[in-house]
Amino acid sequence: PAILLPLVRAGNANAWAALVQRDPGAALASARAPDNRWHQGLPGLLGEHGTADDVPTLVQLLGWHGLTHDDVEQVLPFVLRHGVGNLALLQRVAKSTHAAKLGPAIAAKLARAQLPAFLAVLPELPSDLAKFATEVLQPQLGAADAATLVQALEHAEAREPRSVVELQCVLQLMTRVAAPECLPALRRFVASERAGAWRGSAAASMIACAGAERRTVLRELLASGAVDAVAAALAAPEVGQDQELLAAATKALLANLRSLGDVEGFFQGLEPRSRATTAGAVLHAADFDQCAPAFAVSCLRALGDLKDSRLASDLARGTQHPNAQVRRVATHQLGRLFAREAAPFLLEQRKDDDDEVRMIAKRSLELLADYLDDRAQWAERLRGK
């Protein structure tokens, strides 16, 4: 080394290769120098002989050079020995083309004490790596971390341009912590114009963090007029079990008739009478023809699943919707009733402009006729006994 090191410092590649082969420790010591220029053989050298003191060397190496696939395989043992949980290394890896390979190995040992530092680098991480690291930290957090998360949400909200992954992960962590201390910040965020596409996720976090204010928060979200916030509230199981909340939910459904999407989960949580009443209120709304297709389909399926012949006229409301998919679902659900009461509506659907609607109506009528014939025959046989 005494002969080779001056040559290495002078830029002799042969001397560097010889030093790596003859004295790995001396080569690593040389590589730790701030002005180190050598990359060749360094990944393998780190992988075989690197110590905790060499983590900055890898950070520097990643900043200088794009590693090949073979380089990554050689350096991975070193990362697993000395790089796990190192945020500086994670931040550097995130900017390389090998984040998917090295990132999870580093993030797997992140600790709760690193939460503030992790939140600071979060906007720089690729989406998959950020989500993985968030899932590692989630089980370690508690109410004591609420203030840190509130501050992170405020920073994420103010950031320009916004980091989608930052907002997603901060809200996910808040939902996990479920601390009432997070509620005021979440309430402000949901009410702000800047919430945008994240209003629904933030509303779900509000519900998780509401604690003793849960019913108040649910009423607040249902009355908000913001479709994403309403949808988050409808997903709460107690909305269908509390008559006051159910009344507020029905009002919210009618108020957001044109913009709500799939809410089948909400209807499935209702007992049959409430389901029939609530879905029926939507189907009989004066402006049902402007109902969002996915929302209309949810109502029709919720009623159809009850298989109650008394609901035929309610289901028939769906056959008047301008959207062909809604009319198809309505016609199919009428057929599922296997009831005489559905026949007049199915016959009308044989005149629909949509080929598939006409086909569904035809098939439903045939099945209904077979069913009624079979029932009549069996009724006669049973009387004969």
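Using modelled atom types, one finds a donor on one side chain and an acceptor on the other under 3.5 Å when comparing Ser274 with Glu271.
Here the side chains of His155 and Val170 are not in contact, with every heavy-atom distance at 4.5 Å or above. The shortest side-chain heavy-atom distance between Met174 and Cys182 falls under the 4.5 Å cut-off. With a 4.5 Å cut-off on side-chain heavy atoms, Leu254 and Val282 count as touching. Put simply, the side chain of Arg187 reaches to within 4.5 Å of the side chain of Met206, judged on heavy atoms. The closest side-chain heavy-atom distance from Val93 to Leu58 is not below 4.5 Å. Between Phe345 and Ser313 there is a side-chain heavy-atom pair separated by less than 4.5 Å. Side-chain contact check for Pro6 versus Arg9: some heavy-atom pair is nearer than 4.5 Å. The side-chain heavy atoms of Leu303 and Leu283, taken from C-beta on, include a pair separated by under 4.5 Å.
Other residues, nucleotides and ligands contribute only 12 or fewer heavy atoms inside 6.0 Å of the CZ atom of Arg22. Within 6.0 Å of atom CD in Gln40, 12 or fewer heavy atoms from other residues, nucleotides or ligands are found, so the atom counts as exposed in its surroundings. A 6.0 Å sphere centred on CD of Gln21 holds no more than 12 heavy atoms belonging to other residues, nucleotides or ligands. Heavy-atom neighbours of Glu193 CD from other residues, nucleotides or ligands within 6.0 Å: at or below the threshold of 12. Sparse packing is recorded around CZ of Arg273, with 12 or fewer heavy atoms of other residues, nucleotides or ligands lying under 6.0 Å away.
Heavy atoms only, all atoms of each residue included: Thr250 and Thr278 are closest at OG1-CG2, 3.7 Å. Taking every heavy atom of both residues into account, Ala27 and Leu19 meet most closely at CA-CD2, 3.8 Å. Between Leu125 and Ala94, the closest heavy-atom pair is CD2-CB, 3.6 Å. The minimum heavy-atom distance linking Arg336 with Lys307 is given by the pair NH2-CE, 3.3 Å. Leu122 and Val165 get closest at one heavy-atom pair: O-CG1, 3.9 Å. Contact detail for Gly142 and Val177: the closest heavy-atom pair is O-CG1, 3.3 Å.
Considering NZ of Lys95 and CG of Leu90, their distance stands at 11.0 Å, rounded to 0.5 Å. Rounding to the nearest 0.5 Å places CG of Leu346 at 11.5 Å from NE2 of His332. For the atom pair Arg328 CZ and Glu356 CD, the distance stands at 4.0 Å (nearest 0.5 Å). Considering OG1 of Thr134 and NZ of Lys131, their distance stands at 9.5 Å, rounded to 0.5 Å. Between the CG atom of Asn36 and the NE2 atom of His39 there is a distance of 11.0 Å, given to the nearest 0.5 Å. Here the CD atom belonging to Glu157 is positioned 8.0 Å from the CG atom belonging to Leu167, to the nearest 0.5 angstrom.
For the pair Arg32 (side chain) and Asp54 (backbone), a donor-acceptor distance under 3.5 Å is absent. No donor-acceptor distance shorter than 3.5 angstrom exists from the side chain of Asp287 to the backbone of Gln290, with no hydrogens or angles considered. For Ser224 (side chain) and Leu221 (main-chain N/O), a donor-acceptor pair under 3.5 Å exists by modelled atom type. Side-chain N or O atoms of Ser96 include none that pairs as donor or acceptor with a backbone N or O of Arg92 at under 3.5 Å. Put simply, the side chain of Thr175 gets close to the backbone of Leu171: a donor and an acceptor are under 3.5 Å apart. In terms of modelled atom types and a separation under 3.5 Å, the side chain of Gln140 and the main chain of Leu110 share a donor-acceptor contact. Looking only at distances, no side-chain donor or acceptor of Gln333 sits under 3.5 Å from a matching main-chain atom of Ala330. Put simply, the side chain of Asp370 never gets that close to the backbone of Leu367: no donor and acceptor are under 3.5 Å apart. The backbone N or O of Cys291 lies less than 3.5 Å from a partner atom in the side chain of His321, making a donor-acceptor pair. Between the side chain of Arg363 and the backbone N or O of Gly335 there is no donor-acceptor pair closer than 3.5 Å.
Partners of Glu238 by side-chain hydrogen bond (donor to acceptor under 3.5 Å, both in side chains), not counting sequence neighbours, listed by chain and number: Arg214. Scored by the salt bridge (Lys or Arg N to Asp or Glu O under 4.0 Å) test, Glu48 finds no partners at all (sequence neighbours excluded).
Here Arg215 pairs with Asp242 in a salt bridge; the nearest charged N to carboxylate O distance falls below 4.0 Å. Electrostatic pairing of Glu366 and Lys362 counts as a salt bridge here, judged by a charged N lying under 4.0 Å from a carboxylate O.
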Item to complete: Please test Arg310 against Glu341 for salt bridge (Lys or Arg N to Asp or Glu O under 4.0 Å), starting from the C-alpha separation and ending with a verdict.
Response: CA-CA 8 Å; Arg310 295 170 295 179; Glu341 292 84 348; over 6 Å; no
Practice prompt. Output, in order, the C-alpha distance, side-chain angles, deciding distance and verdict of side chain to side chain contact (heavy atoms under 4.5 Å, CB included) for Arg194 and Arg162.
Written response: CA-CA 10 Å; Arg194 289 179 55 79; Arg162 282 194 174 187; 2.8 Å; yes
Fill in: Leu89/Leu102 under side chain to side chain contact (heavy atoms under 4.5 Å, CB included): CA gap, chis, key distance, verdict
CA-CA 10 Å; Leu89 185 56; Leu102 295 176; over 6 Å; no
Discussion item. Pair Leu347, Leu365 - check side chain to side chain contact (heavy atoms under 4.5 Å, CB included), show working.
Written reply: CA-CA 8 Å; Leu347 283 168; Leu365 284 166; 3.7 Å; yes
Worksheet item: Could you walk me through whether Leu87 and Ile106 pass the side chain to side chain contact (heavy atoms under 4.5 Å, CB included) check?
Response: CA-CA 8 Å; Leu87 273 171; Ile106 300 167; over 6 Å; no
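Proximity of the aromatic rings of His82 and Phe78 is defined here by a centroid distance below 6.0 angstrom, and this criterion is met.
Using a 4.5 Å cut-off between side-chain heavy atoms of Ile, Leu, Val, Met, Phe, Trp and Tyr, with links allowed through other members, Val164 and Leu173 fall into the same hydrophobic cluster. One hydrophobic cluster holds both Leu334 and Leu311 under the rule that ILVMFWY side chains link at heavy-atom gaps under 4.5 Å. At a threshold of 4.5 Å between side-chain heavy atoms, the hydrophobic network of Ile, Leu, Val, Met, Phe, Trp and Tyr places Leu245 and Val217 in one connected group. One hydrophobic cluster, built from ILVMFWY side chains closer than 4.5 Å, holds both Leu253 and Leu246. Under the 4.5 Å side-chain contact rule for hydrophobic residues, Leu315 and Met359 do not share a cluster.
Here the rule is side chain to side chain donor-acceptor pair (under 3.5 Å) with Arg327, and of Asp352, Asp354, Asp353, Thr319 only Asp352 fits it.
Using a 30° and 60° split on the angle between ring planes, Trp38 and Trp16 fall in the parallel class, below 30°.
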